[in-house]
Amino acid sequence: MINSRIILIFLFLTDSIAYAQKNQSELTPIDKVVYVCTYQLDYLRDSKDQESRRSEKMVLFIGKSVSKFQSLNAYIKDTINWNRKTDDMALMLAKIKGKSSRFAFNIYKNYPEGEISTTDRIYSDNFIYNEPLQLLDWEMTDDTTTYLGYHCQKATTYYAGRNYEAWFTSEIPISEGPYKFNGLPGLIVKIKDTRNHYSFELISFVKSNEQYSLFFGKGII
Amino acid sequence: MQRRAKVILCDFWKFKILSVLVFMLLNAVAFSQNKISGNVIDNTGAPLEGIYILVSPVNGIHILAFAISDEKGAFSLSHHSTLDSLKIKTKSLNFAEQLFLISNKSQNIHFVLEPKIMELKEVKVLATPISRYGDTLDYTVNAFADEKDRVLADVLKKMPGIDVGSDGKIYYQGEAIQKYYIDGLDLLEGKYSIANDNLPYEAVSSVQVLENHQPMRILQDIVPTDKASLNIKLKKNVTTTGTAMAGSGFLPLLWNVNITPMLFAKKLQLIVSYQTNNMGDDVSRSLKTLTLEDLSDYMENQIDAKDELLNIKTIQSPSFSKNRYLFNNVHLLNFNYLVKLSKDYELRVNASYLNDYQQESGKVETTYFLPNDTLQLNEYIHNNFFFNSLQTNFTLKKNTKKIYLKNSLQIKAYWDSQNGLIESGDSKIVQNLGNPYQSVSNKLRFIATIEKQLIEFSSVANYSNALQQLQVFPGQFESILNNNEPYDENIQQANLYGFFTNNSLGISKGKNRLKMITKLGFQYQNQRLNTFLNKINNGVVEELDLNFQNHLNWLKTKYYVQTEFVHQTKHLKTSILLPISLLNYTISDTELQRGQKLNPVLFEPRLSLQYTINAFWKLGGRASYSNNFGSIRQINYGAIFQNLHLMQIKDTPLPESQSQNYALKVDYSNPLSSVFAGMNYQHTFTRNNLIFQNQLQADGSNYLSAIQQKNQQVSHVLSGRISKYISSTKTTIALESSYNTTLGEEIINSIFSEIDSRILSFQPKLNIRILDWMSMEYKMLNSTFTRSINQQKQPNVNQQKHLLDLSIYPHEGHYLGVFAEYYVTTYSEKKTENYFLDFIYRFSFSKKKIDIEAKWYNVLNHQNYSSFYLSSFMLGQTTYQLRPSQFMLSIKFVL
């Protein structure tokens, strides 16, 4: 059983080592949140069906050395679950209502140092795998534009079987972006694959003043 | 398993190696490269890691190549630009930028950076003003609120899809809302304008529209509904709020005081209000019930409506806002309390006391078109109205998934009276009316599940009494009552009292998507109408004979059984109602020996469909047949002197109308683009058994009678509306239009005529923030009335009104409002125009919690309003006295 799962993962990834684990639910603080970026993800559920386009909000927490990327609704659910003892069940369910997400993954960049950790779930099994942090080679282009008031430039790369076009802004000199994308001299504000199956767009960027902790969660429900 | 994995891996690696080779090849074929390397240190000589080094053209901003310094501060990059010179600079969150212009060759660069924290520009996400979760639409209040808004009603009317009428009624997609909840609780049951007009919008986080909302939890998913309700979500769990306002002004001495404290907590809600003013603000409108639960409730709700049997002659009031012409002196005390008890019970107490004195003055010039003559009458009218009433309601409710129980006890008492003075030439007519009324009602509804079946029991009982009297000096209708000789006084007395009860038991069964609801019930109504007319001359009182008296007994019983089939799928909700009723009317006047008996058997089916095409589009259709009979108010064998111009007798069979009604509607709502639109079509075909006629007498009075003659009326109404909200400029644009045509039959001047009336109306509305410090609201209503009598076209009447509300914010905390209204009515060649101007200046301090307001109403001091009234037998011109220019200073604060 476990062997077939490993094969499944191999097919989707390159240069990676994976293992499946059953872990208990646990949140440990690993950094402080400095910036919070919210991205809008538009994707095709079924690549052959243009009507299956959906969208979801994703959030990228940038800490002092680590960053965490997950679905916004999953983040809200995590927070509610974590506060479970203080809220009553009905109130909790009311807050969760309507906050479903198709994505259960959490991507931690530079945790452990020099690596990207991804936690995810297939059916009821939670697992984690690691990859090196510098995954991508970017090609700069001459295209520039303004987006959300930031001056941006286009760069392209190839990752996991797809060609991507990304817009980044050196006005935010943080080598970060949605999902596992990083390595540009500025925050990625827009990125999409050339087949239009996935697209991320930045919708907000705010400073968080290090009030909140960035948590590493094992086996979140 | 293992073998297959190996094969896959092999292929996979093959592909990888191939792609790497191709990539290297491509790179080798690529352009010549120049390599730039170096290191970055700070001003103490320590190496800096994580600094970006960017290479770009001298006259360009895009990056040609970049590198990030490592832990030793070293970096290395290569680029393939062919330009002569380049720009190379560092970029970091914590160090200042250092820039060099270099020539295009491989070289080594050494950076020394000064510490400097870089401030990043933030972009905050705009909360979507409207979002949808299934059947619930959530409007974020802050997105729609403007500086000049204070209470929830101000913000509600800007939300697209939602409209607030002048009476305070809230509409969603053109239909009145069914329930107004505050944090899920129904404190005010339909009398919600007291909350809407006094709840500060800042206490509200969002307004939710609950589409297809079934208020009775036990019926959710069983009885479909296409009605929408509103839920006001407050920001805090415990909110104490409300408004308090005190103002004073002059010409003459004016006052306006409103103290409305509110308390909302999880298990308790309280709204108390004391309002008093004499500046024309009709606060009694907050007592009006603005919701309609369902058709059966509508009938029941009319049972305790106040009976007005007689009346004084009033002047037709202008069609603009009441505060321009209402002369009043009102006190209103309102108390609303809701508490959640154990075991899911809720107790609610609502009580209100109204003491209102109103006055109206004007001149009426009437031209009567008699068969052989025209009659001109000029009158100066001055009326006083005294409204004095107490209404109380005690309701116990339990609304859970298993049980619905609601019992309401309502007690109403009115001690009203009116008097009127009419001066015409040398003559003076005085009218005194006493119109008190009392009523006690109890409404009980109980729904529970017993062995997987839903049982519903409902019972309404009501007792009401109206003992009213109209006294007129000098006596009227001399030709009929006193041999054409004048006399001193008439006194008409009318007493209507009775008892009503309606009880029913229903069972509903369901299987999969189909549900069947069967109901049986009976209704009993017993009323008595006693009237007599006295003539007084020189102190001698004479009671007029039986022709001017009524001793009418009315007995109505109804046995009914109805079955409703409800079918519900994800997209389509269908419901068919099949009611059969057996009625018995026994009407008899014991003294006049007149009466009638009817035993109709009625079948009044109703069909309704609702189809949800997708998240944005909805279709609905309704078809029904109804057969209605008149009430005791439509029969009187003895004449009644109803007002000084009208002696009426209804010696006819009980009026009966049969109507078919068809309606179709399309709704579009898109919260993402904030567009709401809809279209409605309604067609009604009615057959009546009676036709009424007015017979004008030589002295200008009317003799109203009815003849038995089948007649019909056909009407078509087509209406459409669209509204859009643009969040970036806080603009709302809306347009409503309707076309209404009615073809009916009436008796005019003793001739059976066909009347064709049409009304075309057009109503745009615009709410826009023109500049940062100025916003505007503009509304226009244009209605064109056309009429043809027997295909002869009558002159058109066109009414147009323009309302402009300009808000200027010269400085923080200051607000200047300019309010202009223009009304124009065109009838044939005659055009009457009225325009008004108001100024308001408000200064707010203490973070908008305290307002000081100076208001100047009717700046142009227009004191009179003229209007026309046209009917088939008369033309009237009314000049109504308006409130003159007034100045008012008030202080208002949020509690």
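Chain letters run A, B, ... following the sequence lines, proteins first, then strands; residues in each count from 1.
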Test: [X] and [Y] ion pair at under 4.0 Å:
{"X": "K109(A)", "Y": "E176(A)", "answer": "yes"}
{"X": "K180(A)", "Y": "E131(A)", "answer": "yes"}
{"X": "K340(B)", "Y": "E346(B)", "answer": "no"}

Please classify the contact of L54(B) with chain A as side chain, backbone, both or neither, using a heavy-atom distance under 4.5 Å.
side chain

What part of [X] gets closer than 4.5 Å to chain B, counting heavy atoms only: side chain, backbone, both or neither?
{"X": "S175(A)", "value": "both"}
{"X": "T144(A)", "value": "side chain"}
{"X": "I174(A)", "value": "both"}
{"X": "E171(A)", "value": "both"}

Using a 4.5 angstrom heavy-atom cutoff, name the option from L184(A), D142(A), L202(A) with the most pairs to chain B.
D142(A)

Which one, I63(B), L64(B), L93(B), leads in non-hydrogen pairs under 4.5 Å with chain A?
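It is I63(B).
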
Side chains of S76(B) and S37(B): do they bring a donor and an acceptor to under 3.5 Å?
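S37(B) and S76(B) do not have a side-chain donor-acceptor pair below 3.5 Å.
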
Does the side chain of T156(A) reach to within under 4.5 Å of the side chain of W138(A), using non-hydrogen atoms?
no

Please confirm whether Y35(A) and F205(A) have ring centers closer than 6.0 angstrom.
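For Y35(A) and F205(A), the ring centres are under 6.0 Å apart.
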
